[in-house]
Amino acid sequence: MGSEQLATGTPLNRSGNDHPLVAPYGLYETADSHVAIAPSNEIIFHRLLDALGRMDLQSDPRFSSNQARVRHRDEIRNELQGQLREKTTDEWIEILNARGVPAGPVNTVEEALNDPQIRHREMVIEVEHPGHGNVRMLGFPIKQTSDTPRLRHPAPDVGQHNREVLAEFGFSSADITRFAEAHVLAADPKLKAAG
């Protein structure tokens, strides 16, 4: 899409969850949620029609090419949407993928975090946090064979490093204690002890 903008200088129209240059590529309602369908070329578009039992649309001039379908985006969407509401997302994914049509679920954040691939890639990790017990957090997206990043320290509590940070900026211990007593800083046991 960025290449299209750079090549033509013409801003692309907003297309919501649909691909601005390919139709009927986008999100569709199903009986229980939504499915993302990506028929990115003519072969896959015809596989989609076959999977939906809508080969009658193949001869419709409004849908004869991707350019025509983009011009008639709402019409092709309406033709497909009604049928897609008849089965669940899981049923459609199985049907479409079996016919070579890329399709997948639209996950909630919870579903995404519990996806088997996310677990396999260790994108949710559990760390021991002093004072908070075991805490689940996002893992590192970059995975290497030898130098994979590892968590060295748990996230600090609010205000935990106030004294160290302010000292680096040149504030004296007396200044920092005065800030704490004036409630300028977040509560920090070290500051209370220093006061």
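Predicted, not measured: the structure shown is a model, and the values here were computed from it.
- A distance of 10.5 Å separates CG in L166 from OG1 in T177, rounded to the nearest 0.5 Å.
- D175 has a carboxylate O that lies under 4.0 Å from a charged side-chain N of R178, or vice versa, which qualifies the two as a salt bridge.
- By the 4.5 Å heavy-atom criterion applied to side chains, E79 and R62 are counted as neighbours.
- Residues I43 and F63 do not share a hydrophobic cluster, clusters being chains of Ile/Leu/Val/Met/Phe/Trp/Tyr side chains in contact below 4.5 Å.
- Using a 4.5 Å cut-off on side-chain heavy atoms (C-beta onward), P24 and I37 make no contact.
- Crowding of E128 atom CD: a count of heavy atoms from other residues, nucleotides or ligands under 6.0 Å exceeding 12.
- Counting heavy atoms from C-beta on, the side chains of N162 and I176 never come closer than 4.5 Å.
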Could you walk me through whether D115 and M123 pass the side-chain contact (heavy atoms from CB on, under 4.5 Å) test, one step at a time? CA-CA 10 Å; D115 184 273; M123 288 309 303; over 6 Å; no
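- Distance check: H34 NE2 to T89 OG1 gives 8.0 Å after rounding to the nearest 0.5 Å.
- Between R54 and D56, some side-chain heavy-atom pair lies under the 4.5 Å cut-off.
- Proximity of L80 to L49: side-chain heavy atoms (C-beta onward) are separated by under 4.5 Å at one or more points.
- Evaluation of the ring pair (Phe, Tyr, Trp, His ring centres under 6.0 Å) rule for H46 yields no partner, not counting sequence neighbours.
- To the nearest 0.5 Å, atom CD of residue Q83 and atom OH of residue Y28 are 12.5 Å apart.
- Under the 4.5 Å side-chain heavy-atom criterion for ILVMFWY residues, no single connected hydrophobic cluster contains both V135 and L138.
- Clustering ILVMFWY residues whenever any of their side-chain heavy atoms sit less than 4.5 angstrom apart, transitively, puts I76 in the very cluster that holds M55.
- E42 is listed as a side-chain neighbour of N66, based on a closest heavy-atom distance under 4.5 Å.
- Partner of V35 under the side-chain contact (heavy atoms from CB on, under 4.5 Å) criterion, chosen from T88, I93, D90: I93.
- Put simply, L113 and M137 are part of two different groups of oily side chains (I, L, V, M, F, W, Y) that touch within less than 4.5 Å, one to the next.
- Rounding to the nearest 0.5 Å gives a distance of 9.0 Å between CG of L52 and CG of L57.
- Atom CD of E94 is surrounded by 12 or fewer heavy atoms from other residues, nucleotides or ligands within 6.0 Å.
- Around CD1 of I95, the count of heavy atoms belonging to other residues, nucleotides or ligands within 6.0 Å exceeds 12.
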